[in-house]
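Some notes on the structure that comes next.
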Amino acid sequence: MHPPKARHSSITRYRIREENITGDVTERPQCYDLMSVIMVCLGRSDGDHYSGVLKLLDVLLSDETDQKEKRRVLEEDFNIPMTGEIEGRVNTMCNLSDGVFRRGVEQGAEKKQIENISNLMDSMKLTLEQAMTALKIPEADQPKYREMLKS
């Protein structure tokens, strides 16, 4: 979503190809070319290649563009009529990016809390329960942290 400027608005394909290091063996491509990776790097409207599918994905997945503007761009730039079904799917896409962001924040907070618990246990020689009590971790969340600290 936020690549370095040099990668803005680019689509790159990486694929497997045959290369004989020793010997002279030849296989049909369908025997080994079973995987390829397509990297889609979105950018901003000032890029040379900002159009087509890159613009569409950037608008749909943007966390900076509100839903009203997304609907306007889809209708005006891509001639996609905003029927109830399409509008529902656009809302789902908007909520998806919000959900991914929220989950990332939650995971970061959980990681920090695990670090805090571990630090208290090590430096203060507290038990797991004592550390969680000192940090005022709600009882409902404590089983989750117990499980995370087991691994």
Side-chain angles (χ1 to χ4, degrees), residues 1-122 128 131-132 135 137-138 140-151:
M1 289 296 303
H2 302 285
K5 190 163 181 73
R7 292 188 180 270
H8 277 198
S9 299
S10 65
I11 300 176
T12 307
R13 177 174 57 181
Y14 301 92
R15 55 188 165 165
I16 297 173
R17 65 179 182 87
E18 185 176 66
E19 179 183 354
N20 287 302
I21 305 299
T22 303
D24 192 24
V25 176
T26 303
E27 290 286 344
R28 294 173 305 169
Q30 56 265 42
C31 293
Y32 62 83
D33 192 14
L34 302 175
M35 180 181 69
S36 64
V37 175
I38 308 255
M39 185 181 301
V40 178
C41 296
L42 304 178
R44 294 289 163 240
S45 58
D46 59 353
D48 292 339
H49 304 287
Y50 188 79
S51 63
V53 71
L54 289 170
K55 181 177 181 180
L56 178 67
L57 289 171
D58 190 52
V59 167
L60 281 174
L61 300 174
S62 173
D63 54 357
E64 299 165 2
T65 306
D66 66 23
Q67 290 183 20
K68 185 177 177 182
E69 176 64 9
K70 288 179 183 189
R71 287 190 293 270
R72 186 197 65 73
V73 170
L74 292 174
E75 282 185 320
E76 293 178 12
D77 294 3
F78 294 97
N79 298 317
I80 299 173
M82 285 292 109
T83 63
E85 180 183 351
I86 299 290
E87 193 163 338
R89 291 180 186 214
V90 168
N91 290 338
T92 299
M93 292 290 287
C94 293
N95 293 337
L96 175 65
S97 62
D98 289 344
V100 168
F101 175 77
R102 271 195 306 284
R103 184 65 188 138
V105 169
E106 288 169 10
Q107 287 175 344
E110 286 175 352
K111 184 178 178 184
K112 186 64 179 169
Q113 196 69 291
I114 292 293
E115 186 179 311
N116 291 338
I117 293 168
S118 295
N119 287 342
L120 272 179
M121 290 171 64
D122 289 343
L128 174 60
M132 288 192 290
L135 290 168
I137 295 173
D141 293 341
Q142 290 184 14
K144 169 179 65 176
Y145 291 113
R146 270 190 211 92
E147 189 63 33
M148 292 170 85
L149 281 160
K150 276 185 186 176
S151 13

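- No donor-acceptor pair under 3.5 Å is formed between the side chain of Glu27 and the backbone N or O of Glu18.
- The 12-atom threshold is exceeded at CZ of Arg72, counting heavy atoms of other residues, nucleotides or ligands nearer than 6.0 Å.
- Contact between Lys55 and Val73 at its shortest, heavy atoms only, is CE-CG1, 4.3 Å.
- By the 4.0 Å N-to-carboxylate-O rule, Glu115 lies close enough to Lys112 to be salt-bridged with it.
- To the nearest 0.5 Å, atoms SG (Cys41) and CG (Leu54) are separated by 9.0 Å.
- Remark: Asp141 CG to Met132 CE distance equals 10.0 Å, nearest 0.5 Å.
- Lys70 and Val59 get closest at one heavy-atom pair: CE-O, 3.0 Å.
- The closest side-chain heavy-atom distance from Leu74 to Leu56 is below 4.5 Å.
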Arg7/Met39 under side-chain contact (heavy atoms from CB on, under 4.5 Å): CA gap, chis, key distance, verdict: CA-CA 10 Å; Arg7 292 188 180 270; Met39 185 181 301; 4.2 Å; yes

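- For NZ of Lys144, the number of neighbouring non-hydrogen atoms (other residues, nucleotides, ligands) closer than 6.0 Å is greater than 12.
- Interatomic distance, CG of Leu42 versus CD1 of Ile11, reported as 9.0 Å (0.5 Å rounding).
- Atom CE of Met121 sits about 6.5 Å away from atom CG of Leu149, to the nearest 0.5 Å.
- In this structure the side chain of Arg17 never reaches within 4.5 angstrom of the side chain of Arg15, judged on heavy atoms.
- For the atom pair CZ (Arg146) and CG (Leu128), the distance works out to 6.0 Å, reported to the nearest 0.5 Å.
- For the atom pair CG of Asn116 and NZ of Lys111, the computed distance is 12.5 Å after rounding to the nearest 0.5 Å.
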